Structure formats: C-alpha cells, structure tokens
Amino acid sequence: MRRSFTVPAGLLLLLCPLLAGAETVQRQEGRAFSAEGNTLLYRETHWLQGPPTAQSRLVLYRCADGRPFARKWMTPQGSAQTPDFSLEDGRDGYQEGVRGSGASRTVYLRSSATATPVSRTLVVPNDAVVDAGFDAAVRGHWAALREGKPVAFQFVLPSRQRLVPLKLQRTGATTWQGQPAQQLQMKLDAWFGFAVPAVTLVYANADQRLLQFTGTGNVRDAKGRYPQVRVEFPSAPAAATAAELATARGQDLVKICDS
C-alpha cells in the first residue's frame with residue numbers, strides 16, 4: 001500500500017524561500033565594539049539570500065561568547081530599501097518590525113514579553129528606507145553620493161511608529177584596513193524635534209560593501225538603552241548553505257549574556 005506524505009503548511013512556508021535561493025546563500029560576520037573603544041559588546045552573523053534587488057537577510061546577534069540573544073529576519077517587500085523585518089530579543093521578549101504589502105505597512109512594537117503590543121499603519125513609499133534597507137539606498141545612489149550630492153529619504157522608525165526625514169551624504173575618501181573607501185554620514189533633519197546622533201558609514205570603493213557602521217545600535221544593552229557602537233565587517237560574505245540558514249532560524253535565544 002502506498003502511503004501519502006503531507007508536508008505541514010508551516011514547514012512549507014519555511015522551506016520554500018530557503019530552497020528557492022539555496023544556491024545564493026552567503027554568510028558574513030560582524031563585530032560590535034563600544035564606539036569609543038575596543039570593548040567587544042556583541043557579534044553579528046548575517047545570512048544573505050538572493051540577488052541584491054530582492055534579498056532576504058537573517059541576522060543573529062550573539063553574545064561575546066557566541067551564543068545568540070536576538071534575531072532579525074528581513075524579506076523583500078516593495079523596493080530593496082523597504083523590506084519587511086522582524087526583530088526579537090530573547091533576553092526580555094522585546095519585538096519590533098514592519099510588515100505588509102504595497103505602500104500600506106504595519107509598524108509594530110512590543111517593549112517586553114509581558115507588554116501589550118502596539119502597532120500603527122503607515123504609508124511607506126518605495127523610496128523610503130526601512131531598517132537595513134539603507135544599504136540598498138547607498139548602492140542605488142552611489143554615483144550621486146560619490147559626487148558629493150546629498151540624498152534625502154524618509155526613514156521608518158519603529159520605536160516612534162512613524163516616518164522621519166533622513167539625509168545621506170558623502171563626507172570624504174578614506175582608507176579602511178588598507179581598502180580604498182568612502183565615508184558617508186546619515187542623519188535626521190534637526191528640525192524634526194528630537195536629537196538622534198548621526199551615523200557614520202564606511203563603504204568599500206571596489207564593491208560598495210559596508211565595512212563599518214558607527215552610531216546608535218539597533219539592539220539594546222542590559223539596561224534597555226541603545227548604545228553607541230562601532231560595527232566592523234572585515235571580511236566579505238562567503239558561501240553558505242540553506243541548511244546553515246535553516247539552523248540559524250531555529251536556534252534558541254538565550255535570556256542573558258554573561259559579562
């Protein structure tokens with residue numbers, strides 16, 4: 001007798017994007033230090049899947065000893081600058097993200113595992129920036145930035161549940177660990193009503209790859225504050241497998257990082 005086998009719907013949802021882009025999975029390591037020193041705060045492991053114009057990204061934020069404490073999953077939606085994303089911090093259950101279809105997107109936030117989630121629907125244009133979509137914005141406007149022209153965007157800020165004005169501009173040529181690069185600055189317009197420190201980005205000339213991010217991090221410290229960090233990506237993404245990506249998606253998050 002032939003037995004039928006049915007794959008659960010939830011498993012199919014997990015496997016389909018992995019199988020579709022298995023041949024393009026890459027992994028990249030980053031290290032986050034205190035902005036003004038060399039104290040290692042946490043590590044980042046990124047898995048990239050698919051072409052730059054429609055790329056999924058999984059990020060595991062790891063304690064200094066390597067154990068994962070937070071996870072972010074980004075999937076294409078609208079333009080490459082406006083992906084859906086979900087961030088979960090295993091230490092206290094904090095969650096934030098953006099989801100939806102078309103220009104109408106839901107921005108949500110949960111401050112802890114016991115807090116009531118809050119959400120708001122926003123109209124997000126394709127030329128806006130959501131989370132790490134700033135990387136696509138840099139690549140898409142590379143020629144203008146190299147010429148010193150400022151590029152203006154609307155940035156989705158989940159903690160405020162609104163769009164805020166942002167400006168990106170080249171500040172000069174530099175050399176980063178022996179690589180010719182460009183230094184950029186990303187900042188909110190001062191008139192908006194609250195202060196946010198500017199972000200400094202360093203991109204390689206050769207392949208427009210992010211080498212260093214310096215500014216307010218997107219994961220909180222043990223006291224619930226967003227520290228100023230310097231995140232370095234010394235090596236280019238390397239080939240990885242769909243199985244490694246699936247394992248990373250399912251890893252348990254720890255509730256505390258040992259000091």
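One-based numbering along the sequence shown. We use all heavy atoms of the structure for the numbers below, so side chains are in, but hydrogens, waters and symmetry mates are not. Computed from a predicted model, the values in this text were never measured in an experiment.
To the nearest 0.5 Å, atoms CG (Leu109) and OG1 (Thr116) are separated by 11.5 Å. In this structure, the separation between CZ on Phe134 and CE on Met186 is 5.5 Å, given to the nearest 0.5 Å. Distance check, rounded to the nearest 0.5 Å: CG of Leu145 to CG of Leu168 gives 5.0 Å. The distance from atom OG1 of Thr75 to atom CD of Gln55, rounded to the nearest 0.5 Å, is 12.0 Å. Between atom CD of residue Gln154 and atom CG of residue Leu166 there is a gap of 8.5 Å, rounded to the nearest 0.5 Å. Here the CZ-CD distance, from Arg27 to Glu244, works out to 6.5 Å after rounding to the nearest 0.5 Å.
The shortest distance between side-chain heavy atoms of Asn218 and Asp131 falls below 4.5 Å. Considering only heavy atoms from C-beta on, Tyr203 comes within 4.5 Å of Leu184 through its side chain. Within the 4.5 Å cutoff, no side-chain heavy atoms of Phe33 are placed close to those of Thr39. Side-chain contact between Arg99 and Tyr108 is present, with at least one heavy-atom pair separated by less than 4.5 Å. A 4.5 Å side-chain heavy-atom check between Asn38 and Arg230 finds at least one atom pair inside the cut-off. Contact annotation: the side chain of Val231 approaches that of Glu44 to within less than 4.5 Å [non-hydrogen atoms, C-beta and beyond]. Looking at Gln49 and Gln26, their side chains never come closer than 4.5 Å, going by heavy atoms from C-beta outward. Put simply, the side chain of Val254 does not reach to within 4.5 Å of the side chain of Arg91, judged on heavy atoms.
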Run the numbers on Val202 and Gln182 for side-chain contact (heavy atoms from CB on, under 4.5 Å), then give the verdict.
CA-CA 6 Å; Val202 178; Gln182 299 297 319; over 6 Å; no
For a side-chain contact (heavy atoms from CB on, under 4.5 Å) check, start with the C-alpha distance between Arg146 and Asn205, then their side-chain angles and the critical distance, and finish with the verdict.
CA-CA 10 Å; Arg146 286 292 301 266; Asn205 284 352; 3.9 Å; yes
Pair Lys72, Glu96 - check side-chain contact (heavy atoms from CB on, under 4.5 Å), show working.
CA-CA 9 Å; Lys72 179 167 64 178; Glu96 69 175 36; over 6 Å; no
Between Val156 and Val124, does the side-chain contact (heavy atoms from CB on, under 4.5 Å) criterion hold? Intermediate values first, please.
CA-CA 8 Å; Val156 177; Val124 178; 4.1 Å; yes
Any chance you could lay out the side-chain hydrogen bond (donor to acceptor under 3.5 Å, both in side chains) test for Gln228 and Thr216, step after step, and finish with the verdict?
CA-CA 5 Å; Gln228 298 298 298; Thr216 305; 2.7 Å; yes
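Taking 4.0 Å as the cut-off between side-chain N and carboxylate O, Glu29 and Arg31 do not count as a salt-bridged pair. The existence of a salt bridge linking Lys255 and Asp92 is excluded, since no basic side-chain nitrogen approaches an acidic carboxylate oxygen closer than 4.0 Å. Taking the charged nitrogens against the carboxylate oxygens, Asp89 and Arg71 have no contact shorter than 4.0 Å, which rules out a salt bridge. Asp65 has a carboxylate O that lies under 4.0 Å from a charged side-chain N of Arg67, or vice versa, which qualifies the two as a salt bridge.
Because its NZ or CZ atom is not both nearer than 6.0 Å to the ring centre of Tyr61 and within 45° of the ring axis, Arg43 does not count as a cation-pi partner of that residue. Stacking of Arg249 on the aromatic ring of Trp73 is recorded, both the 6.0 Å distance cut-off and the 45° axial limit being met.
Both Leu87 and Val130 belong to a common hydrophobic cluster when Ile, Leu, Val, Met, Phe, Trp and Tyr are linked at side-chain heavy-atom distances under 4.5 angstrom. A continuous path of hydrophobic side-chain contacts links Phe213 to Leu41 [ILVMFWY only; heavy atoms under 4.5 Å]. Leu48 and Leu211 fall into different hydrophobic clusters, defined by Ile, Leu, Val, Met, Phe, Trp and Tyr side-chain heavy atoms under 4.5 Å apart, directly or through other members. Both Leu210 and Val138 belong to a common hydrophobic cluster when Ile, Leu, Val, Met, Phe, Trp and Tyr are linked at side-chain heavy-atom distances under 4.5 angstrom. Both Leu157 and Leu122 are assigned to one and the same hydrophobic cluster, defined by single-linkage of ILVMFWY side chains at heavy-atom distances under 4.5 Å.
For the residue pair Trp176 / Gln212, a side-chain donor-acceptor distance below 3.5 Å is found, with atom types taken as modelled. Under 3.5 Å, the side chains of Thr121 and Arg105 contain no donor-acceptor pair of N or O atoms.
Checked against the 6.0 Å centroid threshold, Phe153 and His141 count as a close aromatic pair.
Remark: the backbone N or O of Arg209 is paired with a side-chain donor or acceptor of Asp207 at under 3.5 angstrom. In this structure, Gln81 contributes its side chain and Asp127 its backbone to a donor-acceptor pair below 3.5 Å.
Ring-plane geometry between His46 and Phe233 is classed as perpendicular, the angle between the planes exceeding 60 degrees on a 0 to 90 degree scale with a lower cut at 30. A perpendicular orientation is assigned to the rings of Tyr226 and Tyr94, their planes being inclined by more than 60° (bins at 30° and 60°).
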